Amino acid sequence: MKVLITGGAGFIGSHLAEAHLEDGDDVYIIDDLSTGSMDNIKHLQENSRFEKSFFVHINTILHHDIMLELTGICDMVYHMAAAVGVRYILENTLESIRTNIQGTEMVLELCNKFRKQVLIASTSEVYGKHLHAPLVETDNIIYGPSSKFRWSYAAAKLMDEFTALAYHRTHGLRVTISRLFNTIGPRQTGTYGMVIPRFVSQALKNEPLTVYGDGTQTRTFTYVKDVTKAFMALMQHEDAIGDVFNVGGEQEISMLDLAGIIIEKSGSASEISLIPYEDAFEKDFEDMQRRVPGIDKIRNLLGFKPETDLDAILDIVIEHMRKA
Ligand code: UDP
């Protein structure tokens with residue numbers, strides 16, 4: 001089978017590429033290296049087993065001719081390419097909106113043209129600022145005003161979902177949408193704001209761990225290999241087509257507790273430093289206080305359950321970052 005992964009040099013995309021290569025598939029990736037990196041795929045390019053099965057294109061997904069060729073060649077498409085990371089979105093607002101809306105529209109148009117199956121990686125950001133838990137796929141959505149640019153990411157991804165579902169309704173496109181909650185694992189970088197690599201890097205340098213706000217905000221974290229397994233299983237299941245699925249972990253933790261555990265696990269001498277949001281971001285930043293997925297829908301369809309708990313994930317990430 002030939003698989004196209006847009007954003008294949010990104011953190012999750014590169015793990016997905018590896019999983020498909022290990023299954024014996026041919027993998028084509030396209031990535032503009034805006035947040036992805038050649039370091040993420042170096043081990044795949046250097047592996048002689050994948051010499052004839054791994055094809056890398058460094059380009060933007062907005063390049064119509066290349067996307068036309070790649071979509072034509074491949075049997076299925078994972079659309080992972082997106083501007084991601086709260087810090088990245090706030091610093092690159094216009095470019096992020098353009099990539100996330102025009103890029104997805106083009107992927108969908110081409111998959112429809114060639115009748116190829118596609119999985120769109122969406123995000124738990126689309127739920128907006130709910131306080132209740134768990135968040136389920138049919139929940140209403142609450143955003144802040146358009147002056148608060150954080151929500152531009154959620155709104156763009158929501159528009160991607162509508163467009164994908166409209167292609168399914170109108171043209172019968174075989175498309176599945178997955179809403180990703182915070183995903184972590186080796187090779188994720190803290191450069192674009194992601195909390196665990198930031199905390200681990202700070203702890204390993206014995207620097208203060210920068211907990212934003214009062215640290216009571218909570219998240220759940222999913223191990224990247226659990227996510228790639230879920231994606232591959234969603235692609236195999238007929239009943240996943242034309243539908244939306246949360247993919248996430250169930251262990252809720254506050255950022256203050258997370259910082260404490262990381263300090264303890266890494267044997268660090270770091271302290272915790274509470275940073276007001278207005279010092280960490282622009283003045284009209286809004287955080288999500290709580291974000292916990294309901295995963296009954298994907299569990300009922302696929303039997304999906306994250307296998308790696310937070311404790312194990314943190315051990316893996318600390319070990320990996322210590323070596324790096
Ligand atoms: N966060 C933090 N310190 C950091 C980076 C992030 O306290 O150095 C917090 C952030 O405010 C949010 C949570 O950690 O409440 C998760 O942030 P991340 O950017 O990883 O993902 P998000 O869930 O916001 O998309």
Side-chain angles (χ1 to χ4, degrees), residues 10-12 35 82-92 96 100 121-131 133-135 142-144 148-158 178-185 187-205 207-224 227 246-263 266 268 270-293 310 313-314 317 321:
F11 158 57
I12 305 176
T35 56
V84 290
V86 175
R87 188 165 292 280
Y88 186 87
I89 301 293
L90 292 173
E91 286 168 4
N92 302 277
S96 302
N100 291 349
S122 185
T123 165
S124 53
E125 283 271 328
V126 298
Y127 288 107
K129 47 182 180 176
H130 279 284
L131 283 176
L135 295 166
I142 310 172
Y143 294 155
K148 303 201 176 201
F149 267 98
R150 179 195 183 123
W151 305 113
S152 67
Y153 177 50
K157 285 303 225 174
L158 185 66
S178 124
R179 289 184 180 159
L180 277 176
F181 286 67
N182 299 58
T183 303
I184 65 162
R187 304 201 291 271
Q188 187 181 46
T189 140
T191 316
Y192 311 108
M194 279 70 172
V195 66
I196 288 186
R198 283 174 62 82
F199 282 178
V200 171
S201 156
Q202 290 162 345
L204 293 178
K205 290 188 247 167
E207 290 171 358
L209 269 62
T210 54
V211 173
Y212 299 155
D214 63 5
T216 57
Q217 70 273 33
T218 64
R219 296 290 186 272
T220 67
F221 295 93
T222 331
Y223 188 49
V224 64
V227 169
N246 286 343
V247 176
E250 292 183 295
Q251 265 178 288
E252 184 176 12
I253 184 165
S254 74
M255 295 309 101
L256 205 52
D257 288 346
L258 180 68
I261 294 174
I262 289 176
I263 289 174
S266 57
S268 169
S270 294
E271 292 185 346
I272 290 173
S273 171
L274 293 182
I275 313 280
Y277 284 116
E278 52 275 27
D279 292 350
F281 295 101
E282 53 191 73
K283 64 178 179 346
D284 49 9
F285 175 78
E286 260 186 303
D287 201 0
M288 274 182 184
Q289 184 58 25
R290 191 173 188 203
R291 190 154 67 191
V292 178
L310 183 60
I313 299 173
L314 290 176
V317 173
M321 289 185 75

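Side chains included, hydrogens not; waters and symmetry mates left out as well; all remaining heavy atoms used. Because the structure is predicted, anything quoted here is derived from the model rather than measured. Whatever order the structure lists ligands and atoms in, that order sets their numbers, starting from 1.
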Val211 heavy atoms, cut-off 4.0 Å: which ligand 1 atoms fall inside? 7 (O)
heavy-atom search around atom 13 (C) of ligand 1 in the protein gives Met255 SD, 3.7 Å
Residue-ligand contact Arg291/ligand 1, heavy atom below 4.0 Å: yes
Within a distance under 4.0 Å of any heavy atom of Arg150, pick out the atoms of ligand 1 and give their elements. 24 (O), 25 (O)
Answer yes or no: does an N/O atom from Gln217 fall short of 3.5 Å to an N/O atom of ligand 1? yes
What protein heavy atom sits nearest atom 2 (C) of ligand 1, and how far off is it? Tyr212 CD1, 3.4 Å
Contact partition for Thr210 relative to ligand 1, non-hydrogen atoms under 4.0 Å: both
For Phe221, the ring-ring contact (aromatic ring centres under 6.0 Å, His included) test, sequence neighbours excluded, returns none
Mind telling me whether Tyr127 and Phe181 have parallel, tilted or perpendicular rings, with 30° and 60° as the class edges? tilted
Could an N or O of ligand 1 be found under 3.5 Å from any N or O of Val195, whether backbone or side chain? yes
So for Arg290, does at least one of its heavy atoms come nearer than 4.0 angstrom to any atom of ligand 1? no
Distance from Arg87 atom CZ to Asn92 atom CG, nearest 0.5 Å? 12.0 Å
Arg87 near ligand 1, heavy-atom distance under 4.0 Å? no
Counting C-beta onward and ignoring hydrogens, is there a side-chain heavy-atom pair between Leu180 and Ser124 closer than 4.5 Å? no
I need the nearest protein heavy-atom contact for atom 19 (O) of ligand 1: residue, atom name and distance, please. Gly193 O, 3.2 Å
Any N/O of Asn182 closer than 3.5 Å to an N/O of ligand 1? yes
Going by the atom numbers of ligand 1, which of them fall below 4.0 Å from some non-hydrogen atom of Met194? 20 (O)
Does the side chain of Arg291 reach to within under 4.5 Å of the side chain of Gln217, using non-hydrogen atoms? no
Pick out which of Val84, Thr35, Val224 makes a side-chain contact (heavy atoms from CB on, under 4.5 Å) with Phe11. Val224
Ignoring hydrogens and geometry beyond distance, is a side-chain donor-acceptor pair present between Glu252 and Thr220 at under 3.5 Å? no
What's the separation between atom CD1 in Ile196 and atom CD1 in Ile262, rounded to the nearest 0.5 Å? 5.0 Å
Ligand 1 atoms in contact with Arg198 (distance to a heavy atom under 4.0 Å): 4 (C), 5 (C), 8 (O)
Which residue owns the protein heavy atom closest to atom 15 (O) of ligand 1, what's the atom, and how far is it? Asp287 OD2, 2.7 Å
Sequence neighbours excluded, the answer for ring-ring contact (aromatic ring centres under 6.0 Å, His included) partners of Phe149 is none
Atom indices of ligand 1 within 4.0 angstrom of Glu125 heavy atoms, with elements: 25 (O)
Whether the Gln202 and Thr210 side chains hold a donor-acceptor pair (N or O, under 3.5 Å, no angle test) is what I'd like checked. yes
